[in-house]
Each structure stands twice: as C-alpha cells, then as structure tokens.
There are 2 protein chains.
Amino acid sequence: MATRAELREELVKAGIRPSVQRLAIFEYVRQSCQHPTAEVVYEALCDELGSLSLTTVYNTLKLFVDAGLISMLTIDDTFRCFDGNRCCHAHFRCDNCGKIVDLQMKKDFLSLVEGLDTYSVNDAQLYLKGLCPACKNKK
Amino acid sequence: MATRAELREELVKAGIRPSVQRLAIFEYVRQSCQHPTAEVVYEALCDELGSLSLTTVYNTLKLFVDAGLISMLTIDDTFRCFDGNRCCHAHFRCDNCGKIVDLQMKKDFLSLVEGLDTYSVNDAQLYLKGLCPACKNKK
DNA sequence: TATATATTTGCAATGATTTCAAAAATGAAA
DNA sequence: TTTCATTTTTGAAATCATTGCAAATATATA
C-alpha cells in the first residue's frame with residue numbers, strides 16, 4: 001500500500017504533473033481491487049474533490065494508461081475498466097454476476113507465445129470468462 | 001477449409017436453423033483470417049445476399065458466439081471483431097497500424113493460471129499489444 | 001505582477017451496438 | 001395446397017460509453 005507521497009513521486013517520475021485531481025484518481029485506482037470504471041472513479045471522488053468532471057476522469061485515466069502506470073481492461077465488451085495492480089495476473093469475468101477477479105499466474109504470459117521476437121510488446125492481458133465458484137454452485 | 005455443407009451441418013448440430021443469411025455469415029467468419037467486424041461482414045455480404053440488415057449481422061454473430069461457434073475479440077476498445085479460428089491462439093494488435101494477427105501458443109493458456117479448479121471457464125483470450133515487426137522497423 | 005502554458009470543466013457530438021415493431025420466410029397441421 | 005403459428009429478418013430510432021471542443025481555471029515563469 002503506497003503512501004500519497006510515493007504515488008505523487010511516481011507521477012512526477014513519469015513526467016506527469018501531480019494535480020489534485022490526478023493524484024486522487026491515481027490513488028483511487030491503485031488502491032482499489034475492484035477494477036473500477038471511469039464512472040465509478042468519478043462517483044467515488046466527486047465529494048472528496050468538491051468538483052470533478054467526468055471528462056477529467058476519462059482524460060486522466062488515458063494519461064495514466066499511456067504512461068504505463070495503470071492498465072485498461074476490455075474484458076467486458078460494454079465498458080472499460082481500470083486496474084492499478086502492477087503484478088502479472090490474469091482476469092476472470094463471471095458471465096452470471098459480472099464480477100471481475102484477479103487470478104495469479106504461475107509464469108508470465110509471454111513465455112507461452114511463439115514468434116514474438118520480432119514484435120515489441122507493451123501490454124498483455126489474459127481474460128477468462130465463465131462462471132465464478134459462487135454462481136457455478138447456484139446453477 | 002470446410003465446405004458449405006459441413007458448415008451447415010455444424011449449425012444444425014448447434015441447434016441453429018441454417019438460414020441463407022446465417023450460413024453466409026458463418027462461412028464468411030470461419031474462412032476469414034482478418035478478424036472482421038460486424039460492419040465488415042455486412043459490407044462483404046450485402047451484394048451476395050441481395051438484401052441484408054446490419055442488425056441481422058449483429059444478432060447472428062451474437063448467436064454464434066453464444067453457441068460457442070466463433071469467438072468475439074475485444075482487443076480493440078472501440079469495436080468488437082470476430083474470429084472463426086477454433087485453434088488455441090493468442091492475438092497481437094499493433095498500436096500503430098491497428099492490424100490484428102494470430103500468434104501460435106506453445107501450450108494452452110489455462111495451464112499457467114492458478115486456482116482455476118473451482119471456476120468453470122467458457123472462454124479464454126490472450127491479447128498482446130505493441131508494435132508489429134513492420135511498424136517497429138519504421139520507427 | 002503580468003503573461004504564457006497546462007489543466008479542468010461541462011455540454012454537445014460521436015459512433016458502435018441494441019431495441020423494437022413490422023414484414024417476410026419457414027414449418028407444421030389440416 | 002392452404003392455413004396458422006413460429007421463427008427470422010429488416011430498418012429506423014434509441015442507447016450510452018466515450019470523445020471533442022472551447023471556455024474557464026489553475027499553475028509556472030519571467
């Protein structure tokens with residue numbers, strides 16, 4: 001769990017000026033285990049920041065993704081969500097309840113892919129879908 | 001390369017009535033290596049079928065995905081595309097030219113994921129992004 | 001303090017996808 | 001074949017997450 005000062009430092013190192021909004025959004029996404037959408041981030045920070053624009057949230061999240069500070073998930077085809085967890089992990093989305101959970105990896109994804117030597121890889125996501133344990137038992 | 005009769009049979013086995021539109025759409029997606037969008041499928045088949053509705057294409061592709069006959073890719077966050085290749089493979093999307101290519105896998109994805117025993121997995125997609133060989137060299 | 005630059009804001013626009021109800025096609029029964 | 005019910009297709013309108021844009025605000029520099 002990083003402190004606010006550490007997160008601020010991380011933004012500066014990435015060449016991003018740590019405005020109040022940016023730091024709050026960065027902190028929220030980094031601390032959350034919920035893979036929030038832009039809308040969720042907006043709702044969560046609106047009060048704390050007094051005023052906040054949904055556009056700012058979208059712009060800022062894009063800024064962070066482009067800087068490699070967080071990642072964007074497209075595991076749900078109707079909305080994007082964001083992930084501040086920097087460890088290599090896969091995602092599982094339950095077709096029934098919609099919950100998205102992290103799954104540990106035994107090894108990095110890339111070790112399994114052939115012929116990658118001539119490519120330059122910036123991002124890798126492994127998405128699994130089906131039924132989570134709880135929903136599986138209900139059926 | 002499956003024949004039209006084989007594809008028809010496959011639809012029937014899946015409990016899907018092989019209408020003219022469905023068979024044409026199924027054949028197109030199964031034979032294509034281009035990961036077409038609904039729009040692309042629509043444009044490609046409009047003439048051949050005389051009349052075709054984009055809504056039919058969307059509905060039919062969803063029908064096939066739900067039946068497990070093809071898969072839907074969300075590797076590009078602005079549109080969905082579809083994949084008729086049933087072999088286990090990963091996808092690479094070039095950030096520069098947008099092209100999506102298949103990559104062979106040494107082993108199945110799932111072998112690398114921990115704690116999956118209590119889940120029921122229906123779909124798995126590994127998405128890689130970065131620069132393809134051609135775009136990498138240009139920079 | 002003045003001035004330039006970077007950031008935020010809110011509303012309008014975008015565009016892929018879905019909804020919906022009518023029209024057409026198909027299958028079963030008579 | 002004719003009739004009737006069911007399934008499929010169609011096209012136009014609606015949806016909604018995301019982006020564009022131009023004005024307002026905040027911050028850095030001279």
Side-chain angles (χ1 to χ4, degrees), chain A residues 8 11-12 14-29 35-67 69-83 93 98 100, chain B residues 8 11-12 14-29 35-67 69-83 93 98 100:
Chain A
R8 173 191 298 273
L11 289 184
V12 172
I16 294 172
R17 211 189 283 173
S19 70
V20 182
Q21 290 89 340
R22 286 173 175 174
L23 192 53
I25 293 169
F26 191 40
E27 184 178 40
Y28 186 84
V29 175
H35 315 97
T37 62
E39 182 72 35
V40 166
V41 174
Y42 171 75
E43 292 296 340
L45 298 178
C46 243
D47 291 345
E48 178 184 331
L49 293 178
S51 90
L52 176 64
S53 165
L54 186 53
T55 302
T56 299
V57 177
Y58 273 105
N59 289 341
T60 303
L61 289 171
K62 181 171 169 33
L63 187 73
F64 293 164
V65 170
D66 290 346
L69 296 173
I70 64 176
S71 38
M72 181 178 69
L73 308 184
T74 57
I75 193 170
D76 191 304
D77 57 316
T78 55
F79 55 80
R80 304 173 200 167
C81 54
F82 297 86
D83 188 355
R93 204 278 317 268
I100 299 170
Chain B
R8 174 192 297 273
L11 289 184
V12 172
I16 294 172
R17 213 189 284 173
S19 70
V20 182
Q21 290 89 340
R22 286 173 175 173
L23 192 53
I25 294 169
F26 191 39
E27 185 177 40
Y28 186 85
V29 175
H35 315 97
T37 62
E39 183 73 34
V40 167
V41 174
Y42 171 75
E43 292 296 341
L45 297 178
C46 244
D47 291 344
E48 178 184 331
L49 292 178
S51 90
L52 177 64
S53 165
L54 185 54
T55 302
T56 299
V57 178
Y58 273 105
N59 289 341
T60 304
L61 290 171
K62 181 171 169 34
L63 186 73
F64 294 164
V65 170
D66 289 346
L69 297 172
I70 64 176
S71 39
M72 181 178 71
L73 308 184
T74 56
I75 193 170
D76 191 305
D77 57 316
T78 54
F79 54 81
R80 305 173 198 167
C81 54
F82 297 86
D83 187 355
R93 204 279 318 269
I100 298 170

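Within the 3.5 Å criterion, the main-chain N or O of Leu52(B) finds no donor-acceptor partner in the side chain of Thr56(B). Between the side chain of Thr74(A) and the backbone N or O of Ile75(B) there is no donor-acceptor pair closer than 3.5 Å.
Lys62(A) places its NZ atom 10 Å from the C1' atom of dT19(D), with the value rounded to the nearest Å. One atom, CG of Asp77(A), and another, P of dA17(D), lie 13 Å apart when rounded to the nearest Å. Whole-Å rounding puts the Asp76(A) CG to dT18(C) P distance at 11 Å. Taking atom CE on Met72(A) and atom C1' on dA17(D), their separation rounds to 13 Å, with Å as the unit. Here the P atom of nucleotide dA26(D) and the CG atom of Leu49(A) are 13 Å apart, to the nearest Å. Rounded to whole angstrom, the span from the CG atom of Asn59(A) across to the C1' atom of dT18(D) amounts to 10 Å. Per the geometry, OH belonging to Tyr42(B) stands 15 Å off C1' belonging to dT17(C), to the nearest Å. Between Leu23(B) atom CG and dT9(D) atom P the separation is 11 Å, expressed in whole Å.
The side chain of Leu54(A) approaches dT18(D) more closely than any other nucleotide in the set dT10(D), dT18(D), dT9(C). Side chain of Gln21(B), nearest nucleotide from dT9(D), dT19(D), dT8(C): dT9(D). Nearest nucleotide to the Tyr58(A) side chain, out of dT9(C), dT10(D), dT18(D): dT18(D). Side-chain atoms of Ser19(B) lie closest to dT9(D) of the nucleotides dA6(C), dT9(C), dT9(D). Relative to the side chain of Arg17(B), the nucleotides dT9(D), dT8(D), dC21(D) differ in distance, and dT8(D) lies closest.
Between Arg80(A) and dA17(D) there is no side-chain N or O to OP1 or OP2 distance below 4.0 Å. Taking only side-chain nitrogens and oxygens, Thr55(B) never comes nearer than 4.0 Å to OP1 or OP2 of dT10(D).
Nearest heavy atoms, Phe82(A) versus Met72(A): CE2-CG, 3.8 Å. Minimum heavy-atom separation, Cys81(B) to His35(B): CB-O, 3.1 Å. Pairing each heavy atom of Ala38(B) with each of Leu54(B), the nearest pair is O-CD1, 4.1 Å.
Residue contacts shown for Ser51(A) are limited to sugar-phosphate atoms, with no base heavy atom under 4.0 Å away.
Between Thr78(B) and Thr56(B), the residue anchored closer to the 5' end of DNA chain D is Thr56(B), taking for each the nucleotide with the nearest heavy atom.
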